[in-house]
Q: 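My questions all concern the structure below.
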Amino acid sequence: IAQGYAFQQDGAFFVKGSFDLPMPAGTFLLTITKGNEYIRQRERLVFRSGDHLARTYRLDRWVDMPERGWYSADDHIHLRRSPRENPLIMDWIAAEDVHVGVMLQMGDFWTTYFSQYAWGRAGRHGTGQYVLLSGQEEPRTGELGHTISFGAEQFVRYREDYYSYDKLFDRIHQLGGISGYAHQAMSFHGYRGMTLDVLAGKIDFLELAQFCVPEGPLAVEHYYRFLDLGYKVTALAGSDFPWCGLGRRPGEQQVGAQIGNARFYTYVGQPFSYDRWFSAVKAGHTFVSTGPVVELEVNGQKPGASVDVKPGTKLRISARAHGHASDVPLQRLQIIGHGKVLSEAQSGQPGQSTDRLSVDLELSAEHGSWIAARADAGVSQTCHTTPVYVTVNGDGFHNRANLTTQIDLSLRYLREIRALLDPATAPAAGAPGRGAPGPAAYSTSRAQLEQRLAEAERKLEALRAKR
C-alpha cells in the first residue's frame, strides 16, 4: 500500500507530489491521471526481487479551462464529512481536478446517510480555487425520482409529508439554494416528478451527464422534452460516487467509481470565488462533460443566457470543441436547435482535427428556439451545453413542431402519478420490496398531489394554443 494513502476499489489512490510503494516481483502498469484536462501518463514497470525503482513524472495540460474562466464541479459525491475530513477530501477532489465538490447527505423515507456536519457558509471549506460544500439528495423515492439541492443554509426534510417535493423545493429556494433532479430523470421514475415540478416552476437543473443509467453518460430525452415545452433547465452533472463507474456500455474500459468522471463546467471568469461560481450556476452558464470541452455563443451570449430579437434578425452562432488526439480524440461537434442538428463538423474534414473542432453558423430568427452545442470524442466521452434561449418579440422558445407530442407524453407521465394515489391499488406500507409507504398512504399528500396534477394538466392544455 502506498504509504499514507488509501486505495479505492479499483486500486486507484491519490497522492500529493510523491509516494513510496513496496512492490512484489512482476510486471505492472502504472497510470497517473489528474482529471480530464491533463494528459494521462502510463508506464509498464518490471520489478525483480530486491529492485528499487525511482521515477519522476510530469503531468501536462491539454487544455486549461480555469484560464478561460471555466471551473469544473461534481454535483453528486457521497462521503461522510466532518471538519477533520475536509483537508483529506480537498486533496482528493484536487487530484481529480474538480474545483467544486458538492457533498450530498442522502435521505430516504426512513433515515439519512453520508452526514454533513454543517450547511451554508459554515459547511463550506475551501482553499484557493477548490471548494467543498454541503448538499442533499433528498427527497428520493422510487415513484417520483431522486432530487438534489445545494447552496441552502439548512438541510431540509419533511418525513411526514415526504411526497410533497414542491414544499421542500420552495424551502430550499427560501434558504438561498437551488434544486433539480438526479440521474437524467431516467431512473426511479424521475421523469414523473420532474414533469410535475418543472411545470410548477420549482426546478432549476437536471443532472444531464452520469454513468449510472444504461442510456448514459449523456441521456437527453427528458432534458429536450422540457426545453421543447419552453422551460429553462440548466445542465449539471455528477459522478454519484461511490457508485456508477464505467464498463456497462460497449467499448468502455472497466473503471470503478471515480469522483469527477462526469462533471460540469461553469463560466465564472476571473477571479474565482464560491459566490461568483454559485451566481453563474444559477444563471445557467454551464456545460456538462465526460471528457471533451465545448464553448458556445449565440450573438455573443453564453449558455443560459436569453436573447430576444425581432423577426428576421440574424443569429450568429459559434461553437468550439477541444480535445486531445490520444486521450480525448474529438469526432464531431454539433449545433443543436430544438433537438435537431443544425450544423456539424467532423474531425476528418478540412480545417478540423481530433484536437479542435469549430462551427460557425448564421440563421434568421423567425420564431423562438433553444440552441445548444454538443461534442463527442472517444468511447463515452461527450459534452453538452445548457442552451442559449432565443425568443422573438418575447414569444417563448418552445418547439412548435413537436409541441403536441411532448404535451401528450407529459400528460401520460402525470397519469402515472395519479395511478399511484389510489389506495385500493397502491402497495401497502411495508410490503415486500417497498422501501417506504407510497403516496397513497398520505391523505394530505394525496389531496395536494391531486391539486398539483390538475394544475399541471391545465398548463399543458394551455400550451397547445401556442402552436
Q: Which is it for Arg400 and Asp228 under the salt bridge (Lys or Arg N to Asp or Glu O under 4.0 Å) test, yes or no, and what are the steps along the way?
A: CA-CA 8 Å; Arg400 302 182 186 196; Asp228 279 352; over 6 Å; no
Q: Could you check whether any side-chain N or O of Glu137 sits under 3.5 Å from a backbone N or O of Gly107, counting only pairs where one atom can act as donor and the other as acceptor?
A: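 Side chain of Glu137 to backbone of Gly107, a donor-acceptor pair under 3.5 Å: no, none is there.
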Q: Do we see a donor-acceptor contact under 3.5 Å between the side chains of Gln381 and Thr290?
A: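 The criterion, which ignores hydrogens and geometry beyond distance, is not satisfied for Thr290 and Gln381.
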Q: Checking the side chain of Ser72 only, and the main-chain atoms of Asp97 only, is there a donor and an acceptor separated by less than 3.5 Å?
A: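 Looks like yes, one N/O pair under 3.5 Å.
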Q: With a 4.5 Å heavy-atom cut-off, do Val288 and Arg263 have their side chains touching?
A: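 Val288 does not reach Arg263 side chain to side chain.
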Q: Please check this pair: side chain of Gln334 against backbone of Ile336, looking for a donor-acceptor N/O pair closer than 3.5 Å.
A: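 Checking the backbone N and O of Ile336 against the side chain of Gln334, no donor-acceptor pair under 3.5 Å is found.
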Q: Looking at Tyr113, is its backbone amide N or carbonyl O close enough to the side chain of Arg80 to form a donor-acceptor pair, meaning the two atoms are under 3.5 Å apart?
A: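 Not a single qualifying donor-acceptor pair exists.
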Q: Could you go through the side-chain contact (heavy atoms from CB on, under 4.5 Å) check for Leu144 and Ile417 one step at a time?
A: CA-CA 8 Å; Leu144 299 181; Ile417 298 176; 4.0 Å; yes
Q: Without swapping roles, check the side chain of Arg374 against the backbone of Thr385 for a donor-acceptor pair under 3.5 Å.
A: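 Side chain of Arg374 to backbone of Thr385, a donor-acceptor pair under 3.5 Å: no, none is there.
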Q: Taking the six-membered ring for Trp and the full ring for Phe, Tyr or His, determine whether the centres of His322 and His324 are under 6.0 Å apart.
A: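 Distance test on ring centres: not under 6.0 Å, no.
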Q: Does the ring center of Trp92 lie less than 6.0 Å from the ring center of Phe241?
A: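 Between Phe241 and Trp92, which both carry aromatic rings, the centre distance is below 6.0 Å.
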Q: Would you give the length of the straight line joining atom CD of Gln301 to atom CD1 of Ile371, rounded to the nearest 0.5 angstrom?
A: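 Reported value, rounded in 0.5 Å steps: 12.5 Å.
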Q: Can you give me the closest heavy-atom contact between Ile407 and Leu460, atom names plus distance?
A: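 Scanning both residues completely, I find the closest heavy atoms to be CD1-O, 3.5 Å.
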Q: Any non-hydrogen side-chain atom of Met103 less than 4.5 Å from a side-chain atom of Leu133?
A: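 Of all side-chain heavy-atom pairs linking Leu133 with Met103, none is under 4.5 Å.
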Q: Check this for me, if you would: do Lys167 and Asp161 make a salt bridge, where the nitrogen-to-carboxylate-oxygen distance has to be below 4.0 angstrom?
A: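 A salt bridge links Lys167 with Asp161.
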Q: Look up atom OG in Ser273 and atom CD in Gln129, then write down how far apart they are to the nearest 0.5 Å.
A: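 If I round to the nearest 0.5 Å, the distance is 11.0 Å.
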Q: Could you check Glu96 against Lys34 for salt bridge (Lys or Arg N to Asp or Glu O under 4.0 Å), going step by step and ending with a plain yes or no?
A: CA-CA 5 Å; Glu96 298 290 1; Lys34 185 176 172 65; over 6 Å; no
Q: Identify the two heavy atoms, one from Thr386 and one from Tyr389, that lie closest to each other, and give their separation to 0.1 Å.
A: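 Closest pair (atom of Thr386, atom of Tyr389, distance): CG2-OH, 3.8 Å.
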Q: Can you name the one residue among Tyr71, Phe272, Phe278 that meets side-chain contact (heavy atoms from CB on, under 4.5 Å) with Val100?
A: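 Only one of Tyr71, Phe272, Phe278 forms a side-chain contact (heavy atoms from CB on, under 4.5 Å) with Val100, namely Phe272.
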Q: On the 0 to 90° scale, with breaks at 30° and 60°, tag the His384-Tyr223 ring pair as parallel, tilted or perpendicular.
A: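 Ring orientation of His384 relative to Tyr223: perpendicular.
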Q: Per the ring pair (Phe, Tyr, Trp, His ring centres under 6.0 Å) rule, which among Phe397, Tyr224, Phe226 passes with Trp370?
A: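 Only match with Trp370 under ring pair (Phe, Tyr, Trp, His ring centres under 6.0 Å): Tyr224.
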Q: Please determine whether a side-chain nitrogen of the Lys or Arg among Arg320 and Glu297 lies less than 4.0 Å from a carboxylate oxygen of the Asp or Glu.
A: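 Result for this pair is no, no salt bridge flagged.
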Q: Would you indicate whether the side-chain heavy atoms of Ile77 and Leu104 approach each other to under 4.5 Å?
A: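 Counting from C-beta outward, Leu104 and Ile77 never come under 4.5 Å.
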Q: With distance as the sole test, does Asn261 use its side chain to make a donor-acceptor pair with the main-chain N or O of Cys244 at under 3.5 Å?
A: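 Indeed, once roles are kept as given, a pair shorter than 3.5 Å links the two residues.
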Q: List in chain and number order the residues that pass ring pair (Phe, Tyr, Trp, His ring centres under 6.0 Å) with Phe188, two or more places apart in sequence or in another chain; answer none if no residue qualifies.
A: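 Phe188 satisfies ring pair (Phe, Tyr, Trp, His ring centres under 6.0 Å) with His146, His183 once adjacent residues are dropped.
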Q: Verify, without hydrogens or angle tests, whether Asp376 (side chain) and Gln331 (backbone) share a donor-acceptor contact under 3.5 angstrom.
A: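 Not a single qualifying donor-acceptor pair exists.
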Q: Would you please name every residue forming a ring pair (Phe, Tyr, Trp, His ring centres under 6.0 Å) with Tyr130, sequence neighbours left out?
A: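 Counting only residues at least two positions away or on another chain, Tyr130 forms a ring pair (Phe, Tyr, Trp, His ring centres under 6.0 Å) with His99.
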Q: If every non-hydrogen atom of Leu208 is compared with every non-hydrogen atom of Gln184, which pair is closest and at what distance?
A: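 In terms of heavy atoms, the two residues are closest at O-CG, 3.1 Å.
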Q: Restricting to non-hydrogen atoms, name the atom on Asp74 and the atom on Ser239 that form the minimum distance, rounded to 0.1 Å.
A: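 Shortest heavy-atom separation between Asp74 and Ser239 comes out as OD2-OG, 2.7 Å.
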Q: Does the separation of the ring centres of His285 and Trp70 fall below 6.0 angstrom?
A: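 No: the rings miss the under 6.0 Å criterion.
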Q: With a 3.5 Å distance limit and no angle check, can you tell me whether Thr286 reaches the backbone of Ala235 through a side-chain donor-acceptor pair?
A: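 Here the side-chain-to-backbone pair exists.
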Q: Please lay out, stage by stage, how Tyr265 and Ser289 fare under the test side-chain contact (heavy atoms from CB on, under 4.5 Å).
A: CA-CA 8 Å; Tyr265 285 83; Ser289 175; 4.2 Å; yes
Q: Inspect the contact between Arg452 and Asp197 and indicate whether a charged nitrogen and a carboxylate oxygen are less than 4.0 angstrom apart.
A: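 Result for this pair is yes, salt bridge flagged.
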Q: Regarding Lys302 and the six-membered ring of Tyr267, is the cationic atom NZ or CZ under 6.0 Å from the ring centre and inside 45° of its axis?
A: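 Ring-cation test returns yes.
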Q: Is Arg121 salt-bridged to Glu153, going by a charged N under 4.0 Å from an acidic O?
A: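 So Arg121 does not pair with Glu153 through a salt bridge.
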Q: Measuring only between side-chain heavy atoms, which start at C-beta, is His78 closer than 4.5 Å to Asp240?
A: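 SC-SC contact between His78 and Asp240 confirmed.
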Q: Supply the atom-to-atom distance Ser115 OG to Leu79 CG, rounded to the nearest 0.5 angstrom.
A: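 Taking OG in Ser115 and CG in Leu79, the distance rounds to 11.0 Å.
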Q: Under 6.0 Å from the ring centre and within 45 degrees of the ring axis: does the NZ or CZ of Arg159 meet both conditions for the six-membered ring of Phe109?
A: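 Yes, Arg159 and Phe109 form such a contact.
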Q: Are Gln346 and Glu344 close enough, and set up right, to give a side-chain hydrogen bond (donor to acceptor under 3.5 Å, both in side chains), and what steps lead you there?
A: CA-CA 7 Å; Gln346 297 182 359; Glu344 177 174 316; 2.7 Å; yes
Q: Compare every heavy atom of Leu357 with every heavy atom of Arg332, then report the nearest pair and how far apart it is.
A: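 Of all heavy-atom pairs spanning Arg332 and Leu357, the closest is C-CD1, 3.4 Å.
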Q: Is the backbone of Gly123 close enough, under 3.5 Å, to the side chain of Gln116 for a donor and an acceptor to pair up by distance?
A: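 A pair under 3.5 Å: no.
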Q: Test Phe287 against Thr266 for side-chain contact (heavy atoms from CB on, under 4.5 Å), laying out the working first.
A: CA-CA 7 Å; Phe287 70 87; Thr266 306; over 6 Å; no
Q: With a 4.5 Å limit on heavy-atom distance, are the side chains of Tyr191 and Arg225 in contact?
A: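 A side-chain contact under 4.5 Å exists here.
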Q: Find out whether Asp75 and Glu207 are in side-chain contact, i.e. whether some heavy atom of one side chain is under 4.5 Å from a heavy atom of the other.
A: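 Yes; the side chains approach each other to less than 4.5 Å.
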Q: I'd like to check Met194 versus Val233 (side-chain heavy atoms, cut-off strictly below 4.5 Å). Are they in contact?
A: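 Of all side-chain heavy-atom pairs linking Val233 with Met194, at least one is under 4.5 Å.
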Q: Let's go through Arg464 and Glu461 carefully: what are the C-alpha distance in whole Å and the side-chain angles of both, what is the deciding distance for salt bridge (Lys or Arg N to Asp or Glu O under 4.0 Å) to 0.1 Å, and is it a yes or a no?
A: CA-CA 5 Å; Arg464 290 190 192 274; Glu461 293 301 339; 2.7 Å; yes
Q: A cation-pi test, strictly: NZ or CZ of Lys202 under 6.0 Å from the centre of the six-membered ring of Tyr165 and no more than 45 degrees from its axis. Yes or no?
A: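 Negative - Lys202 is either too far from the ring of Tyr165 or too far off its axis.
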Q: Might you point out which heavy atoms bring Thr382 and Pro217 nearest each other, and give the distance in Å?
A: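 Scanning both residues completely, I find the closest heavy atoms to be CG2-CG, 4.2 Å.
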Q: Is the shortest side-chain heavy-atom distance between Tyr117 and Arg81 below 4.5 Å?
A: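 Yes. Closest side-chain heavy atoms under 4.5 Å.
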